[in-house]
Engineer: 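The following block contains the structure, expressed as structure tokens.
Order of the sequence lines sets the chain letters (A, B, ...), proteins ahead of strands, with each chain counted from 1.
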Number of protein chains: 2
Amino acid sequence: MARPTIADIAQRAGVSKGAVSFALNGRPGVSEATRERILRIAEQMAWRPHSAARALGASRVDSVGMVIARPARTLGVEPFFAHLLSGVQSGLSAESISLQLLIVEDTETEVEVYKRWTSEHRVDGVILVDLTVRDPRIDALKELELPAVVIGGRGGKGQLASVWADDRDAMLTIVEYLAALGHRRIAHVAGTPIFQHTQRRIRAVRDAAPRLGLVDAPSLTTDFSDAEGAATTRRLLAQADRPTAIVYDSDVMAVAGLGVAMEMGVSVPGDLSIVAFDDSILTQLMHPALTAMSRDTFDFGRQAAEVLLEVIANPEVPVNRRTADPVLTVRESTAPPA
Amino acid sequence: MARPTIADIAQRAGVSKGAVSFALNGRPGVSEATRERILRIAEQMAWRPHSAARALGASRVDSVGMVIARPARTLGVEPFFAHLLSGVQSGLSAESISLQLLIVEDTETEVEVYKRWTSEHRVDGVILVDLTVRDPRIDALKELELPAVVIGGRGGKGQLASVWADDRDAMLTIVEYLAALGHRRIAHVAGTPIFQHTQRRIRAVRDAAPRLGLVDAPSLTTDFSDAEGAATTRRLLAQADRPTAIVYDSDVMAVAGLGVAMEMGVSVPGDLSIVAFDDSILTQLMHPALTAMSRDTFDFGRQAAEVLLEVIANPEVPVNRRTADPVLTVRESTAPPA
DNA sequence: TTCGGGAGCTATACCGGTTTATCAAACCCT
DNA sequence: AGGGTTTGATAAACCGGTATAGCTCCCGAA
């Protein structure tokens, strides 16, 4: 027999469909003996719930969604997403909940997807990444009443659940490390200013500058691309009093920056120290290998999944979980200034 | 009213549920006038099908799956998957079919996932990547009668549908290009021998060697990691009569190889030419930028999606689509031998 | 002895679509 | 005009589960 249904099991066990449903879902209504018997038969017949049937009856889909709104080309290079995804899945797999992934170009499309998913009842909740300042997705999700968890930034007044690491602290660690080496001219090649984490990092640099006696600590925003990372680096290094250290908001930009430095005859770490905010194989492949801020992205994803499941189970209680602090991995690209 | 159902539409239009269903699915059974009216009302009420209900009734889920069986750490760096995914989704979005993505550690788990997906009716079909020699997944899918399309390799005698590019031809192009530059000692740092495409590339090199008068053209297999790529390169360059050109089976390994060369004082492209099989931002970020074989990965994915939909619609007819040939992008890492 | 109440189970409605059997009216042809 | 086919629609079954009302025992308390 192909794909047994609970009706088949019921027949074989000599009980009603209802009893089988009770037994399989571990809820009261059947005796322990009957439950045992039903479970054994189900096992034996290799029964598996029909997801659609269950979804229709119980109005939960056992599936969560994740939309990534970035142009595809920036996406691939960053191990960030791959690790995050794996982590999310490991968090979901325990409950055998599946993940819908969608890559779109912009935030408007992303919101559209949420609307569609909601009206088609395709997901029980979603995971958000790349929170921007005054993020339109928050209100949209609120209105849709779709459970959600934000990765990498507190949910804001909207009070979405969130999982975050302390960007500010991480950035302070980097700057203090460089200052301790003796650097006073530190530049920050940041990402898009619309991302909240970019803002937090910029603020951290600005706040720390006077305390550490930094002469100048400009944060220059980019679109996260290697091209702008390179261009910004070129501009910085062409200045009369160029910085002796540059902090990049992503590994890709740091690598691009390293290339520019080499091309301009600026030796790393002799004339210039480089730190990447975000670690990956990329930073390790370079010569010199780049000093970088490492986060446990996998764990990040896992926790996000866990929190999302909590929120789905109990939408009233917003969870706000802080993950382990990022760690600075010192490699060959940093040294005291000449 | 929250989330209208077809019953609501039927009532408002003064027709039966059946009529509404016919109208919404564009099938005969209603007059053109009635159809128009129903469609307008549905539009107006912002009706969207309940995916579970549809799945239950029509026994199709409008969802396809893709499992990637690779350790997460190799995954992120390769833009390959990100582009592929975007492509797949663009191919699916036309029919508004969603994608389930799963990253697992090994092929056994992957097969388990297929079984689970099938018995839970979670997907209508799947997309396979990284075909190995005597791939166990083919038989498994055959047995499950789950529609599938293989990316990057002919489906084999199992006759799964497939979408592929000509690896052999691509490799020949590379080797011929290097030979034309004057290289006679060419080495090939390959990927895992269990992948079919690795085999095809190795065979291409071996076959071309005598014709092009290559002195030696060894193919050395690795696990695709940067570590083994580097180690293999080191071994090759330490030889008495070291190769004047190396072809790498992935961009990551090529970058690692470049690092080793620089470290050993072997200048690129002066003493050594480097070609990467697979292009990405990585190859462009290097100094010198790497000559690489570029495939239109996005299009690859899009076509895979299209073919899968065809196969789902008509499982009898296996499709075998060949995509555009990869193109060699010459950059700074190749030159005539010293 | 009767009644209340809980445990254990059945029967059945229900979720929101699709599909099929059925049917009335219109149309078509000699 | 009568019989056959086509068209446009309906009512009801169905998909595979979940949720619930209700029934039957059985036990203990009044």
Side-chain angles (χ1 to χ4, degrees), chain A residues 1-39 41-42 45-63 96 116-122 124, chain B residues 1-39 41-42 45-63 96-97 116-122 124 313:
Chain A
M1 171 186 327
R3 326 231 180 290
T5 71
I6 57 165
D8 298 324
I9 298 179
Q11 192 188 0
R12 188 115 139 215
V15 294
S16 71
K17 268 172 60 180
V20 175
S21 178
F22 290 145
L24 292 171
N25 291 296
R27 20 163 87 238
V30 285
S31 67
E32 214 34 60
T34 315
R35 180 190 308 278
E36 277 296 314
R37 192 157 48 87
I38 292 175
L39 286 180
I41 293 178
M45 298 178 84
W47 175 87
R48 304 251 58 207
H50 189 301
S51 61
R54 178 166 275 179
L56 195 52
S59 52
R60 102 196 115 93
V61 210
D62 285 348
S63 173
S96 93
R116 188 159 60 76
W117 275 353
T118 308
S119 54
E120 295 181 359
H121 296 82
R122 274 196 185 271
D124 294 322
Chain B
M1 170 183 329
R3 327 228 179 293
T5 72
I6 57 165
D8 299 323
I9 298 179
Q11 191 188 0
R12 189 113 140 217
V15 295
S16 70
K17 270 171 60 181
V20 175
S21 178
F22 290 145
L24 292 171
N25 290 294
R27 20 162 91 239
V30 284
S31 67
E32 215 34 59
T34 317
R35 180 190 308 277
E36 277 295 315
R37 192 157 49 88
I38 293 176
L39 286 181
I41 293 178
M45 297 178 85
W47 175 87
R48 304 252 56 205
H50 187 302
S51 62
R54 178 165 276 180
L56 195 52
S59 55
R60 100 196 117 94
V61 211
D62 284 349
S63 173
S96 92
I97 287 179
R116 189 159 59 76
W117 275 353
T118 308
S119 53
E120 295 182 359
H121 295 83
R122 275 195 184 274
D124 295 323

Engineer: Give the table of side-chain donor-acceptor pairs shorter than 3.5 Å for residues 52-63 of chain B, with sequence neighbours excluded, one pair per line with atom names and distance.
Structural biologist:
unit_1	atom_1	unit_2	atom_2	d
B:R54	NH2	B:N25	OD1	3.4
B:R60	NH1	B:D62	OD1	3.2

Engineer: Locate the shortest heavy-atom distance separating B:H121 from A:S51; write the atom from each residue and the value.
Structural biologist: O-OG, 3.5 Å
Engineer: Nearest heavy-atom pair of A:R27 and A:R35: which atoms, and what distance?
Structural biologist: O-NH2, 3.1 Å
Engineer: How far apart are the closest heavy atoms of B:K17 and B:A10, and which atoms are they?
Structural biologist: N-CB, 3.8 Å
Engineer: Under the side chain to side chain contact (heavy atoms under 4.5 Å, CB included) test against B:W47, which residue among B:L24, B:I41, B:V20 passes?
Structural biologist: B:L24
Engineer: Evaluate side-chain contact (heavy atoms from CB on, under 4.5 Å) for A:I9 paired with A:M45, printing each intermediate quantity in order.
Structural biologist: CA-CA 8 Å; A:I9 298 179; A:M45 298 178 84; 4.0 Å; yes
Engineer: Return the minimal non-hydrogen interatomic distance between B:A23 and B:L39, and the atom names on each side.
Structural biologist: O-CD2, 4.1 Å
Engineer: Quick one: list whatever passes side chain to side chain donor-acceptor pair (under 3.5 Å) with A:S16, sequence neighbours left out.
Structural biologist: none
Engineer: Which residues satisfy the salt bridge (Lys or Arg N to Asp or Glu O under 4.0 Å) test with A:R37, sequence neighbours excluded?
Structural biologist: none
Engineer: Search all heavy atoms of A:I38 against all heavy atoms of A:A13 and return the closest pair with its distance.
Structural biologist: CG1-CB, 4.3 Å
Engineer: Using a heavy-atom cut-off of 4.0 Å across all strands, would you classify A:S31 as base, sugar-phosphate, or nothing?
Structural biologist: sugar-phosphate
Engineer: Can you tabulate the close N/O pairs, meaning under 3.5 Å, that link protein atoms to atoms of nucleotides 4-7 of chain D?
Structural biologist:
none

Engineer: Assign a letter to each nucleotide of nucleotides 12-27 of chain D from its 5' end: B, base within under 4.0 Å of a protein heavy atom; S, sugar-phosphate only; -, no contact.
Structural biologist: ---BBBBBB-------
Engineer: Is A:S59 touching bases, backbone alone, or none of the nucleic acid, heavy atoms closer than 4.0 Å?
Structural biologist: nothing
Engineer: What range of DNA chain C does chain A touch, first nucleotide to last, counting atoms under 4.0 Å from its heavy atoms?
Structural biologist: C:dG8 to C:dG16
